[in-house]
2 protein chains.
Amino acid sequence: MLEIPKPTLGRLPLYYRALVTAADAGLEIISSAELGESAGVDSAQVRKDITYFGQFGRPGIGYNVPNLLLALEQILGLSNPNEAVLVGAGRLGMAICNYPGFTRFGLKIVAIFDIDPQKQGQQVDGLEIFPLWRLERIVKKLGTQIGIITTPASSAQGVAKMLIASGVQAIWNFAPVNLKVPPDVILRNEDLAVGLATLSHYLSSGHGSQKLK
Amino acid sequence: MLEIPKPTLGRLPLYYRALVTAADAGLEIISSAELGESAGVDSAQVRKDITYFGQFGRPGIGYNVPNLLLALEQILGLSNPNEAVLVGAGRLGMAICNYPGFTRFGLKIVAIFDIDPQKQGQQVDGLEIFPLWRLERIVKKLGTQIGIITTPASSAQGVAKMLIASGVQAIWNFAPVNLKVPPDVILRNEDLAVGLATLSHYLSSGHGSQKLK
DNA sequence: TAGATTGTTAATCGATTAACAATC
DNA sequence: TAGATTGTTAATCGATTAACAATC
């Protein structure tokens, strides 16, 4: 399969969401213009993006909603559910455990870890919080693929090491720090400070009117 | 002042963080190579990015840490603190209220709103949760510039309208939905589902080794 | 047939990378 | 002077936009 550009990959979830909405509304067919309108993307861009993973439209007609939805699930890897462990049971961690958007994207958190003995043994949404020293054995046993880091910045690198030693293939990092990981580990940084700084810049520079990201 | 490219703007907070660390360590001078190493960015890119807002380095020497730090605070608009109201007192909202990274970036949440009467009147970090109908008057009175939306997707557009009617200039949207706002309002979407979908794609496609974002 | 809309090509735009003269 | 490192230019790379022939 050909390589999908990163910017395109970032828009696919937007299309996916727009299509789910359309499907819920009973729509069978959607045009690139309609899809773009709903996702906030130019129609030419929509068509270009879609062709990166196939031909799903019919000239003069549009795209078949269920077909395209299925294709997107494929390409986004949502067909096989993703299991993850979460390290750091603070508020951000708990928010992520509960984030409603994730069920749709097939994320299942299977264990939570925290270094604080106070929290250990507590239940969160039916999941027990385990002590950090049990991480390696549990992750190995479950064969979990994704590790989510919601610890303070100071502990994040250590946690990343543990996760990698335990065999996770991907790390989703919410700690505000630049993690070093081996090249075969997929790393995604979700850095809220970047978003804030961007807003702050545009506010103080007086340029309104930007659609950021 | 010349326009700073968006990708550059996204990297500035990383430099800022690296510089804070360097300053804390008592470093006076830092090279583009060191700064890049710390921020996870190529050194040529670092130099290019910095020149978008001035000349702060000395050939053969490097950059003066305090100077560059100051310049970044300027350009990121951190010199004037940013006040925000937050709408949606769920777990994500609470997590954001507590996110430690924000203090450094000068964000101050001055009021919280929620539609749920159960939550109204409760205190969160010394802030009372107000009913939604009081939003307009309070925001107008405080002159708040930023509105943070952490409601479910279904209510987000309505909340955005209220915020805009109340005079906020920027919206930081965490609800998984494509908001429509007038062109003079700055909109930043923080979409966790995009991050997840990206991870999921790389996991299922078998390409490891990507540093995503 | 006439109107609509795709898939794709070509043109434009913008960002990254590489290289190096100027400077310390 | 020799070595280091910036700021900047030019070359490369990649993404977006525009246009349109092909198709329904």
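In what follows, chains are A, B, ... by sequence order, proteins preceding strands, each numbered from 1. Just so it is clear, the model here is predicted, and its values are computed rather than measured.
C:dA22 atom P lies 19 Å from atom CD1 of B:I61, rounded to whole Å. In this entry the distance linking CZ of B:R58 with C1' of C:dT23 reads 10 Å, nearest Å. Summarising the geometry, the separation between CZ on A:F56 and C1' on D:dC24 is reported as 19 Å, rounded to the nearest angstrom. A:D42 places its CG atom 6 Å from the P atom of D:dT17, with the value rounded to the nearest Å.
Side-chain contact check for B:S43 versus B:R47: some heavy-atom pair is nearer than 4.5 Å. B:I164 places a side-chain heavy atom less than 4.5 Å from the side chain of B:I171. At least one side-chain heavy atom of A:V194 sits less than 4.5 Å from a side-chain heavy atom of B:L14.
Of the possible donor and acceptor atoms, none in the side chain of B:S38 sits under 3.5 Å from a partner among the backbone N and O of B:L35. Side-chain N or O atoms of B:S200 include one that pairs as donor or acceptor with a backbone N or O of A:L76 at under 3.5 Å. Between the side chain of A:T150 and the backbone N or O of A:F174, no donor-acceptor pair lies under 3.5 Å.
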What nitrogen or oxygen pairs link the protein and nucleotides 8-15 of chain C at under 3.5 Å?
| residue | atom | partner | partner atom | Å |
| --- | --- | --- | --- | --- |
| C:dT8 | OP1 | A:Q55 | OE1 | 3.2 |

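An OP1 or OP2 oxygen of C:dA4 is reached within less than 4.0 angstrom by no side-chain nitrogen or oxygen of A:Y63.
In B:I115, the CD1 atom is not crowded: 12 or fewer heavy atoms of neighbouring residues, nucleotides or ligands sit closer than 6.0 Å.
Legend: residues meeting side-chain hydrogen bond (donor to acceptor under 3.5 Å, both in side chains) with A:E34, ordered by chain and number and at least two apart, are A:S31. Qualifying side-chain hydrogen bond (donor to acceptor under 3.5 Å, both in side chains) partners for B:K180, counting only residues two or more places apart in sequence or in other chains: A:E37. Residues meeting the side-chain hydrogen bond (donor to acceptor under 3.5 Å, both in side chains) test with B:T144, sequence neighbours left out: none.
Distance CG/B:L92 to CZ/A:R91: 12.0 Å, rounded to 0.5 Å.
For the helix from C:dG3-D:dC24 to C:dC24-D:dG3, the end axes, each set by the C1' atoms of five terminal pairs, are bent relative to each other by 10° (nearest 10°).
Non-hydrogen atoms lying under 4.0 Å from DNA chain C are contributed by nothing in residues 18-38 of chain B.
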